[in-house]
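First the proteins, then the strands, lettered A, B, ... as listed; each starts at 1.
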Amino acid sequence: MPGTTAVPPVRYPPVEGLRVEGRRRDRPPAGSSPVAGYLFVAFYVALLLCIGVAPAVYAIALALSTPGGVGFGHFVQTFNFFEFAPAFEHVFEFEGIWLASQTFFVVLLALLVHTLKRRVSSAFRFIFYLPGAMAGSASAIVWLFMFTPNTSPWAFILHGLGYQVLPNTVSPGNLPMIFAIMAFFTGAGGWIVIMYGALNNIPDELIEAAQIDGSSPLQTALRIKLPLIRKWVVYMLVLSFAAGSQLFVEPQILAVATNGEVPPQWSPNQLAYYLAFQQDNFNNAAAVSVDLLVIGLLVAVLLVWRGKLFSVD
Amino acid sequence: MKSPINARLWRGRSLTARVAVSAIVAASVVGASVLGVSAASAKGKSAPLIVWIDTARVPYEKAYMAANPHANIKWVLYNGNENGTGVLQSKFALWNRTGWPSNAPDVMFDSQNYDAVQLGSAPYNDLLNLKSYVPAKVLKNFAGTSMKAGCTTPTGQVVCLRNDSAAEVLWVNQTLWNATLGSGTAIPTTWSQYLADGATLTKDFPGKGYLIGSVGDGFSIDDYFLWANECPLDQVIGKGKIEINPDSSNCTTIMNDIDQSGDLGKSLSDTSIFSLNEDDVVMAPGALWEGLDAFATGAKSTPPSTDMVAYPPLLATNGAKVTGDLGGGLWLVSKHSPNPKAAAALAQYMATSPNIQTPKVDAGLPQYVPDEASYVSSLSTVFGNPTETEATWKAAAAEVWDGWSPVPWSTDNVWASTDLAAITASSPATAASQLLPYAEALANQARLAGYTVKSPNSTVATGS
């Protein structure tokens, strides 16, 4: 339909706890055709099927096919590897440190930044976002310098902790913390920007009404703003948990850079990679991948359900 | 809940613009897959041999092309599988599932001693058995047990040719030795003499930081100290069977000697041999090539190699005349090569030709004995005491203990991830206390790779 645009009339975005007058989203805006909508979704669905669903189905098929037919043999075999349990322990320890600190600081900083004047806050958001410009591999290299006592600008801290050479810093017990620090600085900035966007979605009237009723900035932040962005926090947790449980690039790069101080099966995803590409055993690798998929799904379902992520009002 | 990204990107755009964006995305997906298909077309008869080498082997390529200017060879650079990065393992695993493409390598240089046996055995089985392509008299001429130790699978296939010897000797900076311990002091021939000299240096030159070696690397303890003392932590005793015995006196004696000397963290540096100040190194056990690498000529803070003399490897604590091995390269030939005869001939040429195996193109001593004499004599102006150095090199190349077997895991990396942090801590753990954790971690890697572990130590044997 050339010539017609699909811009809906300006209105407040729907916010939890608020009723927006007039029609909601039960009908497409006047003048647009449902065919276009299906067409665009079709592209996404096609890609999702090709590069999302099909590989997952293939992995499940690989994991279940044993020499004796269909069975759980590969799951049992991988479960019994000595490296299996520690890999999951490593990643859960990493996620515990990372998700707790990320949730706390992202929400705190977003709320703080939201109280600032627009121009000042955009400068802060930019600064917070900067470390995130270095994705996984690049940040691993930069952090490697930071963690090496002879090159780090923070050498005095490392020396204070008793670390004289890189092997001291990247000792096995420190690895979850090290990867949590890397992940925090890579991801927090982006999430602060998203939380800030969510906070901007809260209608000014609501904030003003609270202020007229005598709500202090702290009370406004904790009692009004925080509950209204709760779904976004849950959303962040779902995505971050899935990303974190698949930790791969950082330990892999650190392993190469330290000539093997990080074992090649440190995380479950690395274990799967190792089984497939260092041992040519794709069935066992698929079994570990399916374990990860199941855990990720379970946690997502739990968070979505408990956090009421998909409820409309 | 609507995603903010989608809403902002799409809202307010015309249908035409949306279709255009989608078309670009779709076109790039289709384009990428078409390119992938065309690259996998069948290989013609006149196709060049494809040879994968690492950057350090580029001089080999130049020397080969100078001698054979019309050779139809495509040289491809890759990382040589360094430090167990497993490039070949991952490519081969994929190709074994998808079919071998026309641009797969025919001949490869590999810097990892243990790779050939893994890639030549099940489930890979991807390397050519060179027994039927390389004459037996050529195979017999590789030094000592090097072919048996690194290139022969448990089922008896010969799956690689050794490039250079990486046997360990005792490198001594003669100038620094004379200035510190004195020219009258005998060069150590046993590990206990060597460790005692380290203690003397610490005691007599406080604050100078003179060194007798390093423990700051994954390979230091296991290659210099354990392998060279016949410590059985990596001994394959049959197909898929390995013996790991940390209780053997071949392991415990040398570790206790290290602890009793008090040299850890003092004259045995916790910094890697390649990162420390080489001017402080009075002596160090090291591979042959380290004489031209770690102790290179010219560079600041490295002694000129004319100061360096190679002395025979220290006698093992059990009295055996053996040494360890660090690095050295292999030539592999793919079983999937459409032209195995030419590929094997090229590998043989690279490993044995005097055009290639000379100091002009290579830092290491050839493992192929007929090339050694001219190689070593051409070094007479490079090192101090050439007579001693030449004799040492030739002898050491044949003395590498063959009980440290090639296995599909890196023993260096296992030491690095299990024990390195403890041994380099500011108050280091004892070397002896690291033997059991190291053996357990090795056993776990072995079981992960499908090996059965035999050990008199029950923790190592059962993994619990």
I need the residue from [options] with the largest number of non-hydrogen atom pairs under 4.5 Å to chain A.
{"options": "B:Ser90, B:Ala422, B:Ala425, B:Ser410", "value": "B:Ser90"}
{"options": "B:Ala449, B:Ser275, B:Ser417", "value": "B:Ser417"}
{"options": "B:Gly218, B:Ala416, B:Ala421", "value": "B:Ala416"}
{"options": "B:Asp419, B:Leu448, B:Asp217", "value": "B:Leu448"}

- Exceeds 12 heavy-atom contacts within 6.0 angstrom, atom NZ of B:Lys454: no
- Item | Enclosure of A:Phe75 CZ (heavy-atom neighbours >12, cutoff 6.0 Å) | yes
- Query: What residues form a side-chain hydrogen bond (donor to acceptor under 3.5 Å, both in side chains) with B:Gln445, not counting sequence neighbours?
  - Reply: A:Gln265
Between [atom1] on residue [X] and [atom2] on residue [Y], distance to nearest 0.5 Å:
{"X": "B:Arg97", "Y": "A:Phe282", "atom1": "CZ", "atom2": "CZ", "result": "5.5 Å"}
{"X": "B:Arg447", "Y": "A:Asn80", "atom1": "CZ", "atom2": "CG", "result": "11.5 Å"}
{"X": "A:Asn259", "Y": "B:Asp412", "atom1": "CG", "atom2": "CG", "result": "9.0 Å"}

- For the pair A:Gln279 (side chain) and B:Pro408 (backbone), establish whether a donor and an acceptor sit closer than 3.5 Å, ignoring hydrogens and angles. no
Which region of [X], side chain (C-beta onward) or backbone (N, CA, C, O), has a non-hydrogen atom less than 4.5 Å from a non-hydrogen atom of chain B, or is it both or neither?
{"X": "A:Tyr274", "answer": "side chain"}
{"X": "A:Leu175", "answer": "neither"}
{"X": "A:Tyr163", "answer": "neither"}
{"X": "A:Leu166", "answer": "neither"}
{"X": "A:Ala255", "answer": "neither"}

- Is it the backbone or the side chain of B:Asn96 that comes under 4.5 Å from a heavy atom of chain A, or both, or neither? side chain
- In terms of heavy-atom pairs under 4.5 Å with chain B, which of A:Glu83, A:Gln252, A:Gln164 leads? A:Glu83
- Message: Heavy-atom pairs under 4.5 Å with chain B: which of A:Pro172, A:Pro263, A:Ser171, A:Ala198 has the most?
- Response: A:Pro263
- Query: Is any side-chain heavy atom of B:Trp409 closer than 4.5 Å to a side-chain heavy atom of A:Pro264?
  - Reply: no
- Report the residues that fulfil side chain to side chain contact (heavy atoms under 4.5 Å, CB included) with B:Thr424, sequence neighbours left out, ordered by chain and then residue number. A:Val165, A:Pro167, A:Asn168, B:Asp270, B:Leu420
